[in-house]
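Just follow the structure's listing: the first ligand is 1, and inside any ligand the first atom is 1.
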Amino acid sequence: MAFIDAFRNRYQTEIDGIKAAGLFKEERYIHSPQSSDIEVEFPAGSKIKKCINICANNYLGLSSHPEVIAAAHAGLDSRGYGMSSVRFICGTQDIHRELENRLTEFLGTEDTLLFPSCMDANAGFFEACLNEQDVMIADRLVHASIVDGMRLCKAMQDTFKHSDMGHLEEKLQEHMDKRSRMIITDGVFSMDGDMAKLDEIVELAEKYDAMVFLDDSHASGFIGRTGRGTHEHCGVLGKIDVITTTLGKALGGASGGCVSGRRELVEMCRQRARPFLFSNSVAPVIVAGALKVMELITATTERRDKLEWNAKYWRGLLKDAGFDIKEGESPIVPVMLYDAKLAQDFARDLFDEGIYAVGFFFPVVAKGQARIRTQLSAAHEKHHLDVAIEAFKKVGEKHAVLGLGKKELLARAGA
Ligand SMILES: *Cc1c(COP(=O)(O)O)cnc(C)c1O
């Protein structure tokens, strides 16, 4: 009994502070499979409500695809439920290696290693491959898991302004004395939905003898003409030294991630990456489902094509309605509100109208950058989006944000 009142009070005060600042996050319980139409209990204890989901990373609509589910069932029957082991002791089945080979082929790399998640891939990669003699130069908006991975590594850390190639070049010049330089970026940035200028990054990497690290979690499976990712979109397939990505978004949405890239870098991870060595292997049922996902997405580009259409259509609807959105080409479409409390109220009102979207605010995005992040899916039909936009208009009118530009919205947020 060491949790004395003083400890309890301290944490309660902190939690109260989070609430007072309008930054408190509440969970919503979903009673159905993940899909465009879901059943939600919110707040806890209330009646279950049918909603249109417009905030999942279910980009290709494969999270509950009948063929993926069937393959997962078959995998469960043939390879069992769990491995009860990390990979290097007795956690590697033939299907783990088969999935790694499929990913290597799809991503256009030399080898691939599965991790329990992409968060783990990012947590393990840097420490396994770099040390005091090297420097990591990261875009300032990289995903939190990369920031954590860099913290665990002894290499020198530096950053460049978001997508600012001039600044990146300065940094590369500044660090020519290091044994090696690694440029680190997301492919599609998760909060704004914009894409890295990978073609220019590769050019700079070649000029200054630097390696390129790409986290393509919000791109693998659908960005690029055949969905291989941001490197395909930017015309630099085969030129990225390391790609990390997740199975938890477009690629079935269950869990798992990987490091894919130069043979030697992947081998270093197999020997040294701590989340690979000290955490359980991806469950066979997920591996079996993911193998089916790889088969589906290489057989046809139908799903990524539909997703592209949906994203374009949705962007048009929001713009015509008078919302301030972040421009881009990805299926991540942020509706900017700039105020945390407004973003939360807005999401709650959308929910009352049968639309499931969540407000994003600090610390998920910078202070004063609150928004509703909408995300499209190949599982959306046109009617989903037509219904959703009516709800957005109604709630937008209620909060008087329609037709307001960034300046006016910011002024309002500051008031
Ligand atoms: C979602 C995401 C991750 C984390 O993936 P998990 O497999 O869920 O751990 C890592 N990096 C980026 C850029 C992401 O968007």
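- C118 counts as a contact of ligand 1, since one of its heavy atoms falls under 4.0 Å from the ligand.
- With respect to the salt-bridge test (charged N to carboxylate O, under 4.0 angstrom), the residues D111 and R263 do not qualify.
- Screening residues 165-194 for ring pair (Phe, Tyr, Trp, His ring centres under 6.0 Å) gives H162-F189 as the qualifying pairs, with residues at least two apart or on separate chains.
- Judged by a 6.0 Å distance limit and a 45° cone about the ring axis, R28 is positioned over the six-membered ring of Y356.
- Contact analysis puts G256 in contact with ligand 1, with a non-hydrogen atom separation below 4.0 angstrom.
- Of the candidates D215, T244, T245, the one placing a heavy atom closest to atom 11 (N) of ligand 1 is D215.
- Among the atoms of D120, none of the N or O lies under 3.5 angstrom from an N or O of ligand 1.
- Within the listing of ligand 1, atoms 2 (C), 3 (C), 10 (C), 11 (N), 12 (C), 13 (C), 14 (C), 15 (O) sit less than 4.0 angstrom from a heavy atom of S217.
- Ligand 1 places these atoms under 4.0 Å from at least one heavy atom of D186: 13 (C).
- Summary of contacts: the protein heavy atom closest to atom 2 (C) of ligand 1 is K249 NZ, 2.4 Å.
- The ring of F351 has its center closer than 6.0 angstrom to the ring center of F42.
- A distance of 6.0 Å or more separates the ring centres of F115 and F125.
- Ranking protein heavy atoms by distance to atom 8 (O) of ligand 1, first place goes to T246 OG1, 4.0 Å.
- Ion pair D349/K393 not flagged as a salt bridge, since none of the NZ, NE, NH1 or NH2 atoms sits closer than 4.0 Å to an Asp/Glu carboxylate oxygen.
- Within the listing of ligand 1, atoms 10 (C), 11 (N) sit less than 4.0 angstrom from a heavy atom of S145.
- The side-chain contact (heavy atoms from CB on, under 4.5 Å) with F213 is formed by just one residue from the set L130, I146, I137, V142; it is I146.
- Proximity of M119 to ligand 1, defined as any heavy-atom pair under 4.0 Å, is shared by backbone and side chain alike.
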